[in-house]
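First the structure, in the form of structure tokens, and then the observations on it.
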Amino acid sequence: MPKADYYQTLGVSKSDSEEDIRKAFRKKAMEYHPDRNKNPDAESKFKDINEAYQVLSDSKKRAQYDRFGHAGVNGNSGFDRPFDGFEGFGGFGDIFDSFFGDSSQRRSNAPQRGNDLQQSVTLTFEESVFGVEKELAVERVEVCQHCSGEGNEPGTKVTTCNTCRGNGQVRRTQRSLFGQFAQIIACPTCQGKGTIINSPCTNCRGAGLERRKRKTGVSIPGGIQGGMQVRITGQGDVGRNGGPAGNLYVQVNVREHKVFGREEFDLIYNLPVDMVEAALGVEKDIPTLDGTTRLLKIPQGTQPGSEFRIKGMGVPHIHSNRRGDLRVLVDLKVPKKLDARQQALLKELAESFGHNGTTVEQPAAEESAKKPVDSNPDPEENPNDKGIFDRIKDAFG
Ligand SMILES: [Zn+2]
Ligand SMILES: [Zn+2]
């Protein structure tokens, strides 16, 4: 739909002065302001009026509009910075405020939600996995206990406000762009309370609120991770004028574990396995975070970095019966020092693999240790070597 002519929208002509345009805008805006005009198309009409006025009240924009029409004043024309008419306002409430003055006072006695609070707690790894009850000392704003939030010293009299006669609100007449307006605001004498305190509470000086440090219990569910937050509804600052209290957010930090790592809901355990155990197979007792051990079979010919899973011994999912797994990662250890007997046995083994059996003195020995042993015959299939493997196994304990 093509845009209506801005002059037509305001009901003015091209020759009209700035003052004429201003007057016309005031008249139209009054007529179509959505707070006053309940007609369904008043809102879009008001938008159009506002947009037209943004352009025609600005001499530079008006000149561009006269020469180029809408293209001269709309964002992509390249003539001016992007047009920011109606959208520059936050909505009708804001427009109302910016035309009629700050109205925030109107609502100073309205219910107000209390502030949210934040606290942090550091858990052991076990606590984060299995959950824990913690007690936090939280300082928050509460209703003053001395005056029960009334603000006056108990036993003293409170009088009705003369300015508002106890209503808490007064009418204020204000001049604005549109002329004179009556506005209802919170009574400035009593701040909207309707009453005057003659002897303020000695504890809160009349505020009705006080800061208190309180012990607050927090239940941390098992499976939580560092960086997560637990929300405790209603444990923040108390609300005002009957508004709800804020929330308490507990930020969780988790200490590292000496033995276990964590990936999502799995626990990670690095199992040291020496080369002989990896080659021949071995049974190992695996510690679990629950405090028990599980027997794990490391099969013959296990490779470095191999992974085994002990099902259901990981981290519980939050608020669920499911648990992750305990993942056992094989950390292959190559012996750094060998005694004479072990060396002799390994040389014998090397010969059986078809290697020439020469030893390289350290530190180059580490280089050769890194070399992958690709010919890895199964000892069962080489009965001639069985004696060597058994003897190696014995030699390495
Ligand atoms: Zn008052
Ligand atoms: Zn008090």
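Indexing begins at 1, ligand by ligand and atom by atom, following the structure's order. The shown structure was predicted, so the numbers you read here are calculated from the model rather than taken from an experiment.
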### Query
How far does SG of C204 sit from CZ of R211, to the nearest 0.5 angstrom?
13.5 Å

Side-chain donor-acceptor pair present, [X], [Y], cut-off under 3.5 Å:
X: E51; Y: Y6; answer: yes
X: H146; Y: E153; answer: yes
X: T292; Y: T288; answer: yes
X: Y7; Y: R62; answer: yes
X: Q145; Y: N203; answer: no
X: Y65; Y: D58; answer: no

### Query
Which residues and atoms, counting only protein N, O or S, are under 2.8 Å from the Zn ion (ligand 1)?
C161 SG, C164 SG, C187 SG, C190 SG

### Query
Same cluster for Y249 and L123 if Ile/Leu/Val/Met/Phe/Trp/Tyr side chains link at under 4.5 Å?
no

### Query
Can you list the protein N, O or S atoms less than 2.8 Å from the Zn ion (ligand 2)?
C144 SG, C147 SG, C201 SG, C204 SG

### Aromatic ring pairing Y269/F260, orientation class (parallel under 30°, perpendicular over 60°, tilted between)
tilted

